[in-house]
Amino acid sequence: MVKVLMVAEKPALAKSIALLLSDNNCEQRPSRCKSCPVHEYTGTFQGQRAIFKFTSVMGHVMETQFPAQFNNWHATDPEELFKCPVNTVECDSKKNVFSSLRHEGKGCDFLVLWLDCDAEGENICFEVMEAVVPSLNKRGDQQRVFRAKFSAITAKDLKMAMKTLIEPDKNVSLSVDARRELDLRMGVAFTRFQSKFFQEKYGDLDSTVLSFGPCQTPTLSLCVQRYDRIQSFNPETYYTVDVRVALKNGSTKLSWQRVRVFDRTTASFFLDRVKDESVALVTKVSKKQKSKPRPTALNTVELLRVCSSGLGIGPQAAMSTAERLYMQGFISYPRTETTAYPKNFDLVGVLKQQQHSEIWGEEVKALLSGDMVKPKGGVDHGDHPPITPMRVASDVDLGGDMWRVYDLITRHFIATLSPDCKYESTDVTLSVGKELFSLTGSRLLRPGFTAVMTWLAPNEDVAVPSLSEGEELAVKQAEITERKTSPPGYLTESELITLMEKHGIGTDASIPKHINTICERNYVQIAGGRTLQPTNLGVVIIHGYQNIDFDLCLPTMRAAVEKQLGLIAKGHADYSDVLYYFTELFRRKFVYFRDNINLMDQLFEVYCSLSVIICCLSLFVVVDRPLSSHVFLFFSAHIEPRQLSFTPLASTGKNFTLCGKCKRYMKYVSARPQRLFCPICDETYSLPQGGKIMIYKGLTCPLDKFELVLFSTGQNGKSYPLCP
């Protein structure tokens with residue numbers, strides 16, 4: 001009897017898969033890693049009786065780090081981080097994940113990897129192999145390591161995956177390794193340098209770290225671009241001629257076909273043409289049947305977009321909720337770019353599961369009775385099928401955000417198999433004197449998919465009364481209305497996700513993380529309607545990058561990296577060559593940034609009006625062109641000054657403890673990150689974060705004569721004295 005070790009990406013997933021593959025006949029025991037138990041059962045593997053041991057990891061087992069000697073911010077020149085070696089070490093050795101895998105692999109004949117079927121999952125496969133393969137039994141040239149490909153946690157999908165095991169893809173794993181190393185070198189070098197530079201000069205940045213990231217920074221740049229458009233917007237006054245006519249059941253306002261004019265005298269001229277008219281003559285009635293097309297199948301980006309705009313659930317929370325639904329078997333794998341169902345996808349089988357739902361059961365039964373249509377053609381990216389429900393549920397089973405997300409996914413799936421929405425559009429043209437006006441409206445004929453996606457149904461409140469050509473309506477009022485043009489609103493999360501997808505910033509899985517990061521860094525704040533409003537810090541950071549090197553905040557730079565990483569994944573580019581090229585490119589950009597940091601510092605130092613900033617920096621606007629092209633627009637509109645400066649460190653904080661060098665008082669700066677600053681020595685001293693700093697009994701350190709301080713995390717937390 002052979003022994004087979006199987007490994008999933010999360011403990012809950014390992015348990016679910018083991019129960020389904022064993023027909024609920026497995027036993028659980030602890031492993032060396034307390035969080036990752038082992039589920040054992042017997043069965044058949046490749047025609048042989050087998051003992052299966054199913055355990056898991058908790059995401060990545062290994063991580064890329066700099067050697068210890070390069071972890072001191074003060075002793076290491078950030079430029080060295082582009083040249084120094086990097087180590088691959090266990091993520092958290094205290095959890096014993098690596099040693100547990102090696103121990104469980106002893107005496108086993110085969111390893112089956114059940115990691116998530118995306119690039120990161122493929123990379124974790126090789127991390128698990130590093131731990132397990134050395135302890136597997138030798139079997140000559142026979143294949144010992146297998147990869148399971150699956151998209152849903154159902155018995156049918158999992159048992160099919162067991163029958164169609166493949167080999168792990170080394171090239172895909174290498175592309176992830178390259179991305180991690182490039183992001184580490186570039187992100188840490190820029191972050192350390194600019195954090196240290198500005199935190200030693202300014203005391204009210206209110207950010208623990210001024211981070212830079214090849215995806216994070218272009219994401220922030222998109223938010224700041226919209227902010228700049230708002231600030232540079234110059235409202236214009238315009239005028240409309242509004243005419244109200246009487247109907248049988250009240251009155252309605254007509255739409256002027258000239259729409260608007262920007263001159264009061266011109267508007268008065270047109271008003272004179274209609275103000276003495278008593279009737280509006282119907283000159284044309286046009287009715288057309290139109291259709292609203294059903295949606296394509298649901299992928300990750302669309303799910304995140306709709307969760308934010310429709311449900312008010314942020315991308316990070318939406319992704320987390322979808323993953324919980326997946327691990328509990330309610331939906332298919334939630335990370336996918338594909339919007340086309342595979343040809344062999346059992347659409348009817350999935351639909352039948354929903355026919356007994358109390359909410360949409362009647363609509364499903366109608367589809368199964370003959371109304372079901374072929375899904376719209378989407379795009380197959382070759383990863384996972386679109387996101388679909390895998391079993392019926394109700395708000396009693398789930399509740400809260402889990403139910404709201406499941407409800408959205410299920411309604412979307414049903415809608416993709418429903419007919420298009422049919423409605424009648426009516427356009428009425430009326431003449432008042434020599435001026436033309438119009439009335440438009442719609443009437444629902446067949447709801448189609450909007451029977452389940454009710455929020456997308458045509459608005460029946462704008463129905464047009466039955467009118468015929470030659471009919472006259474009494475004019476009740478004619479007047480000029482003065483209005484002003486308005487600026488665009490701040491970017492919403494939904495709009496930002498769309499732009500990130502368009503410009504290739506991040507992946508379907510990482511987009512929520514990048515948005516969450518710029519919020520955590522205090523670069524943007526989420527306001528009403530889930531809009532993203534840049535803070536002063538976020539605005540100055542992006543304008544500073546633009547002033548030094550535009551490439552640093554352009555999506556084109558990341559897109560070029562991702563293109564080469566994609567070639568590595570396909571085996572068309574050499575891992576070492578790509579890594580060397582981009583490491584050297586980023587090193588040169590870092591050197592240029594470091595040597596010209598004063599151009600960013602100028603924005604931190606002064607009070608600026610955005611009109612000056614825009615004229616000096618030229619506001620970059622991404623247009624609907626290939627990613628390699630861009631334009632520069634200049635705005636000269638007057639803008640009210642806004643304080644974008646930050647307080648020098650010497651003017652921040654309060655006198656606190658004595659410096660061991662000059663024997664003068666150092667200042668305690670409470671703004672993130674909390675620190676001590678000696679204005680005499682012009683030196684900054686880091687302090688632990690996440691707690692309170694207090695004077696400690698007036699005692700001094702016997703080694704350097706600095707006055708001691710006490711760090712405390714609260715009444716029930718830890719407290720200890722320290723020397724700055």
Side-chain angles (χ1 to χ4, degrees), residues 60-73 75-91 118-127 129-130 168-194 211-218 503-507 509-510 514 545 548-597 626-628:
H60 278 283
V61 181
M62 314 297 288
E63 64 181 350
T64 304
Q65 289 184 352
F66 292 115
Q69 64 266 33
F70 295 95
N71 288 333
N72 188 317
W73 284 37
T76 303
D77 180 352
E79 187 182 352
E80 294 181 37
L81 301 178
F82 290 97
K83 303 175 182 178
C84 71
V86 293
N87 297 332
T88 301
V89 298
E90 189 174 356
C91 288
D118 54 15
E120 292 294 332
E122 209 69 28
N123 187 253
I124 300 173
C125 283
F126 285 87
E127 295 173 357
M129 289 165 61
E130 183 179 343
D169 193 326
K170 181 64 175 177
N171 289 328
V172 173
S173 178
L174 284 174
S175 72
V176 175
D177 287 337
R179 182 185 292 109
R180 288 167 69 180
E181 184 172 334
L182 288 172
D183 288 353
L184 176 72
R185 292 186 186 278
M186 186 179 186
V188 175
F190 276 86
T191 297
R192 282 190 189 180
F193 174 72
Q194 65 186 25
S211 65
F212 173 91
C215 286
Q216 165 202 149
T217 302
H503 297 298
I505 303 174
T507 64
S510 65
H514 301 316
Y545 292 143
I548 299 172
D549 183 354
F550 251 105
D551 283 348
L552 294 177
C553 52
L554 293 184
T556 50
M557 185 170 68
R558 184 61 180 194
V561 174
E562 290 297 335
K563 182 179 180 180
Q564 294 301 314
L565 295 178
L567 293 176
I568 292 175
K570 295 176 182 178
H572 298 159
D574 182 76
Y575 163 81
S576 300
D577 290 345
V578 172
L579 196 59
Y580 174 80
Y581 173 80
F582 281 110
T583 300
E584 180 61 17
L585 174 66
F586 295 152
R587 185 193 69 79
R588 293 183 182 185
K589 284 189 171 294
F590 171 78
V591 171
Y592 186 80
F593 175 78
R594 180 194 62 195
D595 294 345
N596 292 276
I597 189 65
L627 292 183
S628 60

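- Minimum interatomic distance between Val61 and Glu127 (heavy atoms only, all atoms of both residues): N-OE1, 2.8 Å.
- For the side-chain contact (heavy atoms from CB on, under 4.5 Å) test, no residue two or more places apart in sequence or in another chain qualifies with Tyr580.
- Side-chain contact between Cys125 and Ser173 is absent, with no heavy atoms from C-beta onward closer than 4.5 Å.
- Two residues are said to be in side-chain contact when any heavy atoms from C-beta on lie closer than 4.5 Å; Phe126 and Lys170 meet this criterion.
- Here Thr217 contributes atom OG1 and Leu554 contributes atom CG; the two are 11.0 Å apart, rounded to the nearest 0.5 Å.
- Rounding to the nearest 0.5 angstrom, the gap separating the CG atom in Leu81 from the CZ atom in Phe193 is 12.5 Å.
- Between His60 and Asn123, the closest side-chain pair of non-hydrogen atoms falls below 4.5 Å.
- Scanning for side-chain hydrogen bond (donor to acceptor under 3.5 Å, both in side chains) contacts around Ser510 gives Thr507, His514, with sequence neighbours left out.
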I'd like a table of donor-acceptor pairs (distance under 3.5 Å, sequence neighbours excluded) in which one partner is a side-chain atom from residues 560-571, with atom names and distances.
| unit_1 | atom_1 | unit_2 | atom_2 | d |
| --- | --- | --- | --- | --- |
| Glu562 | OE1 | Arg179 | NH2 | 2.9 |
| Glu562 | OE2 | Arg179 | NE | 3.1 |
| Glu562 | OE2 | Arg558 | NE | 3.1 |
| Glu562 | OE2 | Arg558 | NH2 | 3.1 |

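- Under the side-chain hydrogen bond (donor to acceptor under 3.5 Å, both in side chains) criterion, Glu122 pairs with Arg147, not counting sequence neighbours.
- Ring planes of Tyr545 and Phe593: tilted class, angle from 30 to 60°.
- If you take CZ on Phe582 and CG on Asp577, they are separated by 11.5 Å, rounding to the nearest 0.5 Å.
- Nearest approach of Ala119 to Val172, heavy atoms of both residues: CA-CG1, 3.7 Å.
- Side-chain atoms of Met557 and Lys589, non-hydrogen and from C-beta on, do get closer than 4.5 Å to each other.
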(message) Run the side chain to side chain contact (heavy atoms under 4.5 Å, CB included) test on Phe66 and Leu184 for me, step by step, so that the C-alpha distance in whole Å, both residues' side-chain angles and the decisive distance to 0.1 Å come before the verdict.
(response) CA-CA 9 Å; Phe66 292 115; Leu184 176 72; 3.7 Å; yes

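- Side-chain rings of Phe82 and Phe590 approach one another, their centers coming within less than 6.0 Å.
- Note that the CG atom of Asp549 and the CG atom of Asn596 stand 9.5 Å from one another [nearest 0.5 Å].
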(message) Using the rule given for side chain to side chain contact (heavy atoms under 4.5 Å, CB included), can you reason through Thr583 versus Leu182, listing the C-alpha separation, both sets of side-chain angles and the distance that settles it, and then say yes or no?
(response) CA-CA 6 Å; Thr583 300; Leu182 288 172; 3.5 Å; yes

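- Of all heavy-atom pairs spanning Asp169 and Asn171, the tightest one is OD1-N, 3.0 Å.
- Residues passing the side-chain hydrogen bond (donor to acceptor under 3.5 Å, both in side chains) test with Thr191: none are found, sequence neighbours excluded.
- Legend: side chain to side chain donor-acceptor pair (under 3.5 Å) pairs involving residues 75-88, not counting sequence neighbours, sorted by first then second residue: Glu79-Arg587, Glu79-Arg594.
- Contact check on Arg185 versus Glu584 returns no salt bridge, with no Lys/Arg side-chain nitrogen under 4.0 Å from an Asp/Glu carboxylate oxygen.
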(request) Give the C-alpha distance, both sets of side-chain angles, the deciding distance and a yes or no for side chain to side chain contact (heavy atoms under 4.5 Å, CB included) between Met186 and Phe212. (result) CA-CA 8 Å; Met186 186 179 186; Phe212 173 91; 3.4 Å; yes

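- Taking 4.5 Å as the limit, every side-chain heavy atom of His503 sits out of range of all side-chain heavy atoms of Pro218.
- Smallest separation of non-hydrogen atoms from Leu579 and Ala178: CD1-O, 3.8 Å.
- Contact detail for Cys215 and Ile505: the closest heavy-atom pair is O-CG2, 3.5 Å.
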